[in-house]
Enquirer: 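Input: one structure, supplied below.
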Protein chains: 2
Amino acid sequence: MKYTSRLIEEAVEALSLLPSIGKKSALRLVLYLLSQNKDKSDRISKAIHKLSTEIKSCQKCHAYADTTICSICADSRRSKKVICVVESVRDLMAIEETQQYNGTYHILGGLISPLDGRGPDDIHIASLIHRVTEDQADELIMAISPTIEGETTIYYISRLLAESNVRISVISRGVSFAGELEYADELTLGRSIQSRIPYHQKSLSSEV
Amino acid sequence: MKYTSRLIEEAVEALSLLPSIGKKSALRLVLYLLSQNKDKSDRISKAIHKLSTEIKSCQKCHAYADTTICSICADSRRSKKVICVVESVRDLMAIEETQQYNGTYHILGGLISPLDGRGPDDIHIASLIHRVTEDQADELIMAISPTIEGETTIYYISRLLAESNVRISVISRGVSFAGELEYADELTLGRSIQSRIPYHQKSLSSEV
């Protein structure tokens, strides 16, 4: 593409560094910004700048935070005795969206994956074990994908905590509540039959 | 959506000001930036900042430019005698992409549209007339949509220049060269039959 301005070219190149934004979309965004009030560009450029310079990682759970402790860990109404272990901040946000959970989180920042050269020391496991002891946690809820890496990570953590009193649970998986049986994938449907629960205990977390 | 950081929330709000970027996509972009090297965010935020503070409008053709005259108007190899009149910079770029045009451009920045309260003085017509005289232009190529607004604008400009020697042409329209007849819209197909050209003159611009 030929641009009449080097500044436009630079902005297009920069915006197309973002995932799923190609050169054409980037150009559309740039021309949109140029057609708008300067304030809009300022707000976007400042927000991105702050993101890269001011954001911190929570010292307890490793979520992105504005201060050394994130708003969830700092919230006295949330239980420190129950820790939900997730792979990434994205998973934390998905669980927060449900408004069904009132404990705290621990973000591993990855899963154990020997094939990718990622061992237990490359993710936040040591700090999790430390928290379990320090906060005298009652339960760890593993909200981690049921992949080989996920299962390995859960197994590794459970071995480290075998001597402690902490309960370890995993989130239940099965056919989605909104889903029609015929559209569920075979693995999910098969597993959800195997891990069936007695009718009257449906709402209890009886599985693990 | 609940965020663990106010900075993330601000960045999501800011990015979702952009067209076709909703809150979910914005969050995905923000988490991507956080997962990457700081340089990437810096480059994007600087490019957007420069866009809003440093970009100029070319004094001749009104294209976005880094200096008072854009790179096309400043290029001595491009003919000043032929001026292609377009509605927006986007159209200029589309024509530049073809690499078939070696003249200069004039960006109107809109079309005459009484219904939207936009008259001839609200778009860059006066400066076009001035250029035609100053550069002693031979031809104006109207690359403007064949809508009521477009036709009105072309008619208005042609009336203003009726006394001058400048030739006024419009780009040819018809079934796309790559297009199958059956998929062409009725208007285009009908018009392209009406404005048929003798076989041997196919490649000449005989229409206007």
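Chain letters run A, B, ... following the sequence lines, proteins first and then strands; every chain starts at 1.
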Enquirer: What residues of residues 32-63 of chain B make heavy-atom contacts with chain A at a cutoff under 4.5 angstrom?
Expert: B:Tyr32, B:Leu33, B:Leu34, B:Ser35, B:Lys38, B:Lys40, B:Ser41, B:Asp42, B:Arg43, B:Ile44, B:Ser45, B:Ala47, B:Ile48, B:His49, B:Lys50, B:Leu51, B:Ser52, B:Thr53, B:Glu54, B:Ile55, B:Ala63

Enquirer: Who wins among B:Cys70, B:Ala11, B:Ser88 for the most heavy-atom pairs under 4.5 Å with chain A?
Expert: B:Ala11

Enquirer: Check this for me: B:Gln136, atom CD, are more than 12 non-hydrogen atoms of other residues, nucleotides or ligands nearer than 6.0 Å?
Expert: no

Enquirer: How would you list, in number order, the residues of residues 16-23 of chain B that have a heavy atom less than 4.5 Å from chain A?
Expert: B:Leu17, B:Leu18, B:Pro19, B:Ser20, B:Ile21

Enquirer: Under the salt bridge (Lys or Arg N to Asp or Glu O under 4.0 Å) definition, can you give me all pairs with a residue in residues 104-122 of chain A, not counting sequence neighbours?
Expert: none

Enquirer: With a 3.5 Å cut-off and no angle check, do the side chains of A:Thr104 and A:Arg131 form a donor-acceptor pair?
Expert: yes

Enquirer: Roughly how far apart are B:Asp66 CG and A:Ser5 OG, rounded to 0.5 Å?
Expert: 3.5 Å

Enquirer: Among residues at least two apart in sequence or on other chains, which ones pass ring pair (Phe, Tyr, Trp, His ring centres under 6.0 Å) with B:Tyr64?
Expert: none

Enquirer: Looking at B:Thr67 and B:Ile69, what are the two nearest heavy atoms and their distance?
Expert: OG1-O, 2.8 Å

Enquirer: Just do the side-chain hydrogen bond (donor to acceptor under 3.5 Å, both in side chains) check on B:Tyr105 and B:Glu96 with the steps written out, would you?
Expert: CA-CA 10 Å; B:Tyr105 293 90; B:Glu96 281 298 283; 2.6 Å; yes

Enquirer: Are the side chain of B:Ser79 and the backbone N or O of B:Lys81 linked by a donor-acceptor pair below 3.5 Å?
Expert: yes

Enquirer: Show, in sequence, the C-alpha distance, side-chain angles and deciding distance for B:Ile83 and B:Ile141, and conclude whether the side chain to side chain contact (heavy atoms under 4.5 Å, CB included) test is met.
Expert: CA-CA 6 Å; B:Ile83 303 172; B:Ile141 302 173; over 6 Å; no

Enquirer: Taking every heavy-atom pair that is under 4.5 Å apart, which of B:Ile8, B:Ile72, B:Leu15 has the most such pairs with chain A?
Expert: B:Ile8

Enquirer: Measuring from atom CD of B:Glu87 to atom OG1 of B:Thr153, what distance do you get when rounded to the nearest 0.5 angstrom?
Expert: 8.0 Å

Enquirer: If you tally heavy-atom pairs under 4.5 Å against chain B, which of A:Leu92, A:Val12, A:Leu29 wins?
Expert: A:Leu29

Enquirer: Nearest 0.5 angstrom please: B:Tyr3 OH to B:Leu31 CG, how far?
Expert: 9.0 Å

